[in-house]
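Everything on this sheet refers to the single structure shown next.
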Amino acid sequence: DAKTTQPPSMDCAEGRAANLPCNHSTISGNEYVYWYRQIHSQGPQYIIHGLKNNETNEMASLIITEDRKSSTLILPHATLRDTAVYYCIVRVGVNSNSGYALNFGKGTSLLVTP
Amino acid sequence: SQTIHQWPATLVQPVGSPLSLECTVEGTSNPNLYWYRQAAGRGLQLLFYSVGIGQISSEVPQNLSASRPQDRQFILSSKKLLLSDSGFYLCAWRSGRWNTEAFFGQGTRLTVV
């Protein structure tokens, strides 16, 4: 799986948009970009994923650059409950030897402040 | 709907004692199952995964083992715990079909003393 690079930490004011970047310059054509978040002392929670088109759901938007070498997760109106570690993961979407397991990096620790 | 149960939530065990953590999934069949560990201040490390009953793959050599006696049951074990086994253990499942998200349990906080 392609390796990802994320900033270790970010701050965001409550009510503002939180834009979390992720670099995945070695991504290959069949690899998807997944985003998860982990609130302190809980299991990770799926947010969104995409291949090449931008995606939006009730939680967030995912913007993937045209060359697919980077992406941005957008939380449009951050709340205090969005404080968490956000993981960007790049993983193949076809059968693999690891049972499609997710390989988590260190992620970005997002702090939403009042 | 599908749910994943993991227990206990917290556990304090002495060095050298055995360990058994259980994870069960409801509402789905033939899931892929995973055990992760998160040491203090570090990322999630994949320990084991299973694509079917009795099929276990280990990602890293360690003091732990895993078993899948039933389709929706995944057990993490150790015969003798080490101090370094302390951490936050997470069970996860996903559909065997490709391009689906994974769902995690709430985790077990293990402290070996």
Side-chain angles (χ1 to χ4, degrees), chain A residues 1 3-9 22 27-53 55 57-60 62 64 73 84-109, chain B residues 2-7 9-10 21 23 25 30-60 66 68 74 87-111:
Chain A
D1 295 343
K3 188 174 180 179
T4 62
T5 303
Q6 298 177 253
S9 63
C22 180
I27 193 171
S28 59
N30 63 348
E31 290 183 312
Y32 287 73
V33 181
Y34 285 76
W35 283 84
Y36 284 73
R37 73 179 183 184
Q38 185 178 21
I39 296 171
H40 183 62
S41 294
Q42 296 184 21
Q45 175 191 25
Y46 166 81
I47 301 174
I48 199 167
H49 75 282
L51 181 62
K52 53 183 179 181
N53 297 322
E55 302 288 343
N57 62 22
E58 65 278 5
M59 291 182 66
L62 174 61
I64 303 174
L73 179 75
V85 177
Y86 287 77
Y87 297 98
C88 169
I89 302 161
V90 174
R91 196 195 71 194
V92 297
V94 294
N95 196 9
S96 69
N97 291 330
S98 66
Y100 312 132
L102 298 166
N103 291 309
F104 289 80
K106 295 186 177 180
T108 296
S109 179
Chain B
Q2 301 90 358
T3 56
I4 180 168
H5 302 281
Q6 189 180 341
W7 67 92
T10 60
L21 301 181
C23 172
V25 181
N30 197 30
N32 286 1
L33 297 170
Y34 310 90
W35 278 111
Y36 287 84
R37 176 172 60 199
Q38 188 171 34
R42 303 183 67 177
L44 282 81
Q45 179 187 35
L46 178 66
L47 301 176
F48 300 95
Y49 68 91
S50 172
V51 298
I53 296 174
Q55 300 178 59
I56 308 295
S57 296
S58 174
E59 287 292 294
V60 294
R68 184 170 178 175
F74 205 23
F88 190 44
Y89 288 83
L90 288 154
C91 179
W93 77 273
R94 59 174 299 286
S95 168
R97 294 177 293 118
W98 64 280
N99 192 27
T100 58
E101 64 267 34
F103 299 92
F104 286 79
Q106 288 302 300
T108 295
R109 177 81 54 192
L110 171 66
T111 303

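In what follows, every chain begins at residue 1, and chains take the letters A, B, ... in the order their sequences are listed.
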Legend entry - Per-residue contact mode, B:Leu44 against chain A (heavy atom under 4.5 angstrom): both
Legend entry - chain A contact via B:Gln6 - which portion, at a heavy-atom distance below 4.5 Å: neither
Inset, instruction - Determine whether the aromatic ring centres of B:Phe48 and B:Phe74 lie less than 6.0 Å apart. - result: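 Distance test on ring centres: not under 6.0 Å, no.
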Legend entry - Test of ring centre spacing under 6.0 Å for A:Tyr87 and B:Tyr36: no
Legend entry - Option in A:Gly105, A:Gly43, A:Gly107 with maximal non-hydrogen atom pairs under 4.5 Å from chain B: A:Gly43
Legend entry - B:Phe88 six-ring face occupied by B:Arg109 cation (under 6.0 Å, within 45°): yes
Inset, instruction - Go through the atoms of A:Gln38 and report whether side chain, backbone, both or neither lie under 4.5 Å from a heavy atom of chain B. - result: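 Only the side chain of A:Gln38 comes within 4.5 Å of chain B.
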Inset, instruction - Starting at OG1 of A:Thr4, measure out to NZ of A:Lys106 and round the result to the nearest 0.5 Å. - result: 12.5 Å
